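These notes concern the structure reproduced below.
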Amino acid sequence: MTTASGYNFAYLDEQTKRMIRRAILKAVAIPGYQVPFGSREMPLPYGWGTGGIQVTAAVIGPDDRLKVIDQGADDTTNAVSIRRFFARTAGVATTERTTAATVIQTRHRIPETPLTEGQILVYQVPIPEPLRWLEPRETETRRMHALADYGAMHVKLYEDIARYGRIATTYDYPVLVNDRYLMRPSPIPKFDNPKMDMSPALQLFGAGREKRIYAVPPYTKVRSLDFKDHPFAVQSWDRPCELCGATDSFLDEVVTDDRGGRMFVCSDTDHCGTRRDAAQEAAE
Amino acid sequence: MTGPLLTVAGLTRLYGARVGCRDVSFELWPGEVMGIVGESGSGKTTLLNCLSARLEPSTGHVVYDTRDDGPIDIYAMSEPRRRLLMRTDWGIVHQNPRDGLRMGVSAGANVGERLMAVGARHYGEIRAQADEWLRKVEIEPERIDDLPLTFSGGMLQRLQIARNLVTHPRLVFMDEPTGGLDVSVQARLLDLLRRLVTDLGLAAIVVTHDLAVARLLAHRLMVMRRGEVVETGLTDQVLDDPHHPYTQLLVSSVLQP
Amino acid sequence: MYVAVKGGETAIDNAHRLMAEARRGDPAVPELTVEQIANQLGLAVDRVMTEGSVYDRELAALAIKQAQGDLIEAVFLLRAYRTTLPRFGGSEPIDTGDMAIRRRISAAFKDLPGGQVLGPTYDYTHRLLDFALAAGGDPPPAALAERPVDAHMPRVADVLSQEGLIERDRPGEDEGPPCDLTRQPLEFPAGRDLRLQALARGDEGFLLSLAYSSQRGYGNTHPFAGEIRMGEVAIEFLPEELGFPIEIGTITVTECQMINQFKGTKDIPPQFTRGYGLAFGHAERKAMAMALVDRSLRAGELGEDVANPVQDEEFVLAHADNVEASGFVQHLKLPHYVDFQSELELIRRLRAAAIRREAAE
């Protein structure tokens, strides 16, 4: 039997990595366009980040420092499992610091700390097709993308406002990339959408089960769909993080008892920890 | 001096060896309503599909006088352009309104979709237009947020018409627009259609097997049989003084009790 | 003071240990060997090999052991292993007409060249729990036929095609080598090569239900089990430097040729059409279901109405893979705090707005 050490660097063989890199290059060349690729069977289940892992495996090198987050946190089980997978199969250094990472694989969040040039953010994508809700057929959605036939997408937003008085999409909020392709940002909260716009970092999206890769190159326009009289707006909280006092971060609600006790804390654990460390240093 | 809105020349559509329609030529002028009548299987619907860019003909041309660039063969256009034409300057009213509506979204969104498809991005304005068009087709504006699933057959057909007319098309294709409706509902719909066509100066091509519908709506008629046009002329002329034996048969069979 | 949940690493390690313990069960009971599974749970091994796309009884048996008998999990393990294997090339097409037959039946003809060979089957056993089996012991030896089965048994479909009564199998001569679903994404419309691969890898239960639905009126194909045959076929490989194929081994396969009524169109005279199923090992249910679904998916090509789930290529092929389906269904166990938080916040706002409206009225 082959053991973990019998696998190639970062698990995938070099030919497969080259195939994925070709798909990534194409995706970078056509921002927001979903490039089909020969997604491989991975030792992790579909829906648990196989697309992101393949993208990371294709772009990571021995000198990289990898950070993996799930829900903004480095220590959630799935993040731990994926980080460990690369530590084991690629032997790369890992980190929990956003600023120290060269490659960040994420599920459902963009770090609060602004990303910089040279960093790569790899998103795990469950369903890449933004038009899927109204058209289940791949043949038809491909045609709609080709023709930039996106009017129907606004129908959904219209329905939200008609029914709820506001756009009731809170995560996986559709965006238009580079004024051309409609794209799903993966299930990040819409709070994170503005971070995608003109980001200095390279953003790569991998959908393993659906076998698609897409990308937002650095400094690319990413616009969230909206109406002129119902402009896109992000969530806000009327209280700060109870651990670090941040007022501008996405907060998780933690149930503290069964009598309605709640507390709100940063979903980004690195951001929260760094702020607390800094506050403590300042106090000393 | 403007020319015809639609110029059809030598249009033939074959299904293998079988003829869908053969060698059809005519001109349609702005504001003119053309009726296509004949029995089922006579090629009416094939012809309508060829004319409305939904079925590529085997030979022949369909030339449309576009607003910006004048006459262009619709099958020589790029697909994006053809799609844009179909949802702005044209309307297509299906016999079964469910084929032309999104049954899962509200009446307002159904009417507003075309506006959004061509770039309308102001919710309030889209809604105001939807409201206005629902009134025009005699649907109470209170129903604007209701799903079409809750509408009667006549209302569905009127909603489909509103959805098509909201972009102020110049040409509307209708396939048996009153088919499947009760007689009283039919009468009301025909009345509405006639008024809209006149008020808006619409040109239309109406396929129907019902000569009463043709008489009420159409200025001119084409009678089809086995894929070919056997007689054309002003509606009254064709119905009151049919020349071709087939037309005579068609008219007399209607007049029989 | 509240401390955010930590300790994922240890928790995962402990979960693995606990699972290993549960898998082993009572240590007083002897541990299963891979050989035992490969030999005595042969049909489970066959299914895992088929859906796992690897013909290796030992690996499949190990996967079954590791997965505690969860066959979908075992398929997953085998597939993940398969990904890492180097690829030397494709074999020559196997010739099932040249199969060393162990079982061969036709429901279309009472008798035919080579005869009906019942072989090993549960078809005619009474499904009574056999308490003697619980006690263990060797079965009596099966009787040996007086003479071996015919060396050559023509395939029923070939017999029919001599008369021109059945459509010809179109050899993919001008189509180049078949696509490989494990290397290329599935694109629609899929060719028959991709379709058959997807069905062969597809979940047996899913295909079975779809096939069943076609029999119950949701897209009837009027099928006859033209032939089902099971046995060993040789695998030949053509090394480029040699220039001629060499035999590298044999595998057991089950093949099903469904024969379906077809009324014909103006271009095609009435004739029988085919649905095809093939599976590793002894897997008749799978091969038959696959053949029925294959034929149903040809509705569009044959000018039939496409109105039922089983005829819908995108619906069937996009959802047949149980490793994909299992992963995605179960990913709901992953944390969704952030999305849920966003929804929670929205619902609160909407409710607050509704209450304000009510109060104002």
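Not measured: the values here are computed from a predicted model. First the proteins, then the strands, lettered A, B, ... as listed; each starts at 1.
- Within 6.0 Å of NE2 in B/H94 there are more than 12 heavy atoms belonging to other residues, nucleotides or ligands.
- Atom CZ of B/R194 sits in a sparse spot, with 12 or fewer heavy atoms from other residues, nucleotides or ligands closer than 6.0 Å.
- Separation of atoms CZ (B/R121) and NZ (A/K228) is listed at 8.5 Å; rounding is to 0.5 Å.
- Other residues, nucleotides and ligands contribute over 12 non-hydrogen atoms within 6.0 Å of the NZ atom of B/K136.
- A heavy-atom distance below 4.5 Å is found between the side chains of B/I126 and A/F227.
- Only the side chain of B/R87 has a heavy atom closer than 4.5 Å to any heavy atom of chain A.
- The contact between A/Y158 and chain B is made by backbone and side chain atoms together, counting heavy-atom distances below 4.5 Å.
- Proximity to chain A is limited to the side chain of B/I144, based on heavy atoms less than 4.5 angstrom apart.
- Of all heavy-atom pairs between B/G124 and A/D229, the closest is N-OD2, 2.6 Å.
- Around the CZ atom of B/R98, the shell of radius 6.0 Å holds no more than 12 heavy atoms that belong to other residues, nucleotides or ligands.
- Remark: B/M116 CE to A/K156 NZ distance equals 13.0 Å, nearest 0.5 Å.
- In terms of heavy atoms, B/D145 sits closest to A/A162 at OD1-CB, 3.5 Å.
- In this pair, B/Y123 and A/H230 present their aromatic rings perpendicular. The plane angle is above 60°, beyond the 30 to 60° band.
- Annotation for A/L147 and B/E79: closest pair CD1-OE2, 3.9 Å, computed over non-hydrogen atoms.
- Atom CZ of B/R170 has more than 12 neighbouring heavy atoms from other residues, nucleotides or ligands inside a 6.0 Å radius.
- Looking at heavy atoms from C-beta onward, B/R83 lies in side-chain contact with A/R143 at the 4.5 angstrom threshold.
- Within the 3.5 Å criterion, the main-chain N or O of A/G151 finds no donor-acceptor partner in the side chain of B/E113.
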